[in-house]
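Below: the structure, in structure tokens.
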Amino acid sequence: MSFGYKGNIEQWKWYEAEELDSTNDAIRELNDNDLPAVITAIRQNKGRGRRGRTWIGLDGNLYFTYSLKILPQDLSKYVCLIGLSLAKTVQNFAVEKKVQIKWPNDIFLNDKKLTGILLENIKDDNWAIGIGVNIVNHPILTDQPYQATSLKENRVQTDRITFLHKFLTQFTQDIEIYKKQGFSQLKEQWLQKAYKLGQEIIIKNEQTTKKGLFLTLDDNGYLILKTKQGKEKIIAGDLFE
Ligand code: BTN
């Protein structure tokens with residue numbers, strides 16, 4: 001696999017590959033002194049999604065992974081912050097359209113999935129944040145209870161690299177706010193875009209399925225669900241209707 005250095009975007013050294021299996025794997029091949037880095041792929045052949053799902057690679061879409069140092073106590077908040085920055089970026093392109101964050105951090109545009117995020121640990125506090133954005137193409141999903149969409153389907157015209165720049169700029173701004181002011185203002189922004197907030201939802205993970213009312217996020221970014229047993233803190237899972 002070969003990458004070309006393309007310049008810097010914010011604090012990240014940007015490398016691009018013509019073709020690779022997964023940008024989340026490629027970032028592990030960089031040396032420590034190449035980090036922080038962002039890797040894009042023009043074609044990604046074996047994209048991974050959360051919980052063993054695949055992320056289908058279609059021409060013209062954005063596939064990237066960037067590295068970030070995240071302390072253990074910040075991790076759950078960063079999971080939300082990355083989703084929030086992505087939602088804001090999408091909203092700036094799709095002004096007046098419905099942009100929502102499905103907990104923990106899928107972005108939905110007009111009720112269809114537009115982006116996915118996969119966080120994986122590289123080593124110690126270094127994390128790989130892999131993001132797929134449907135810019136001009138979207139797959140037909142047959143195994144999920146929702147459809148996918150693209151920016152193009154919503155009459156938003158942009159290209160993958162313009163989107164990448166805007167996202168990394170937005171994320172840099174949001175992280176500065178987080179470092180200076182803490183999570184509370186950003187949490188409110190997240191809640192304003194939350195999918196199914198205040199409604200009945202189902203959360204599934206490997207062990208359990210829980211049904212209840214989506215009350216809020218707590219100060220760590222965990223979902224608070226009101227079930228028959230009382231209020232429960234949900235750390236991981238997928239949200240269903
Ligand atoms: C999901 O919604 O399940 C997460 C999808 C994450 C896909 C991106 S595409 C770039 C990066 N490389 C991968 O193999 N996966 C992520």
Side-chain angles (χ1 to χ4, degrees), residues 1-50 52-55 57 59-90 104-105 107 115-133 135 158-183 186 220-221 236:
M1 184 182 340
S2 68
F3 322 113
Y5 172 67
K6 306 275 282 186
N8 275 30
I9 309 177
E10 299 287 344
Q11 59 158 311
W12 293 274
K13 295 182 194 94
W14 172 30
Y15 300 90
E16 178 150 271
E18 279 282 328
E19 186 164 5
L20 45 61
D21 284 349
S22 163
T23 52
N24 268 34
D25 292 336
I27 204 147
R28 292 169 190 275
E29 296 185 15
L30 296 178
N31 297 318
D32 282 354
N33 53 8
D34 295 325
L35 303 180
V38 55
I39 295 187
T40 52
I42 297 173
R43 272 181 305 281
Q44 178 174 258
N45 298 325
K46 289 187 187 157
R48 290 197 294 278
R50 294 172 59 235
R53 292 186 290 253
T54 52
W55 188 262
D59 283 352
N61 286 345
L62 174 59
Y63 312 100
F64 73 103
T65 298
Y66 66 108
S67 67
L68 199 67
K69 272 196 197 302
I70 310 177
L71 298 174
Q73 65 268 28
D74 285 331
L75 188 60
S76 52
K77 288 171 272 192
Y78 271 59
V79 169
C80 294
L81 290 181
I82 296 159
L84 176 64
S85 302
L86 198 49
K88 288 181 181 178
T89 308
V90 173
N105 56 19
I107 307 305
T115 75
I117 303 178
L118 178 67
L119 246 88
E120 292 178 328
N121 186 256
I122 301 176
K123 196 177 70 172
D124 304 325
D125 292 336
N126 272 314
W127 288 80
I129 300 163
I131 301 185
V133 183
I135 304 281
T158 188
D159 62 85
R160 56 191 194 88
I161 300 305
T162 304
F163 189 98
L164 173 71
H165 274 91
K166 299 266 189 215
F167 167 73
L168 288 174
T169 303
Q170 181 69 59
F171 179 72
T172 302
Q173 286 169 9
D174 289 334
I175 288 302
E176 273 166 24
I177 294 174
Y178 173 66
K179 286 184 177 159
K180 285 192 189 130
Q181 300 172 23
F183 186 53
L186 296 159
N220 283 312

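Basis for what follows: all heavy atoms, side chains included, without hydrogens, waters or symmetry-related copies. Just so it is clear, the model here is predicted, and its values are computed rather than measured.
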At their closest point, which heavy atom of [X] faces which heavy atom of [Y], and how far apart are they?
X      : Y      : value
Ser67  : Ile122 : CB-CD1, 4.4 Å
Leu164 : Ile9   : CD2-CD1, 3.7 Å
Thr65  : Ala128 : CG2-CB, 3.7 Å
Pro104 : Val79  : CB-CG1, 3.8 Å
Ala41  : Leu20  : CB-CD1, 3.4 Å
Leu86  : Val133 : CD1-CG2, 4.5 Å

With a 3.5 Å distance limit and no angle check, can you tell me whether [X] reaches the backbone of [Y] through a side-chain donor-acceptor pair?
X      : Y      : value
Asn61  : Ile135 : yes
Gln44  : Thr23  : yes
Asp159 : Ile161 : yes
Ser22  : Lys46  : no
Asp125 : Lys69  : no

Name all residues meeting the salt bridge (Lys or Arg N to Asp or Glu O under 4.0 Å) criterion together with Arg53; count only those two or more places apart in sequence or in a different chain, and write none if there are none. Asp238
Are the side chains of [X] and [Y] in touch, meaning some heavy atoms are under 4.5 Å apart?
X      : Y      : answer
Tyr15  : Asp34  : yes
Phe163 : Val90  : yes
Phe183 : Asn220 : no
Trp12  : Leu68  : yes
Ile131 : Phe167 : yes
Tyr78  : Leu119 : no
Glu19  : Ile42  : no
Phe3   : Leu30  : yes

[atom1]/[X] to [atom2]/[Y] distance, rounded to the nearest 0.5 angstrom?
X      : Y      : atom1 : atom2 : answer
Asp32  : Asn126 : CG    : CG    : 7.0 Å
Trp14  : Asn8   : CH2   : CG    : 11.0 Å
Leu35  : Lys13  : CG    : NZ    : 7.0 Å
Ile117 : Ile82  : CD1   : CD1   : 6.0 Å
Glu120 : Arg48  : CD    : CZ    : 4.0 Å

Side-chain donor/acceptor pairs under 3.5 Å, residues 170-177, sequence neighbours excluded:
| unit_1 | atom_1 | unit_2 | atom_2 | d |
| --- | --- | --- | --- | --- |
| Gln170 | NE2 | Asp174 | OD1 | 3.4 |
| Gln170 | NE2 | Asp174 | OD2 | 3.3 |
| Thr172 | OG1 | Leu168 | O | 2.6 |
| Asp174 | OD1 | Lys88 | NZ | 2.7 |
| Asp174 | OD2 | Ser85 | OG | 2.8 |

Can you check side chain to side chain contact (heavy atoms under 4.5 Å, CB included) on Leu186 and Leu81, steps first, answer last? CA-CA 7 Å; Leu186 296 159; Leu81 290 181; 3.6 Å; yes
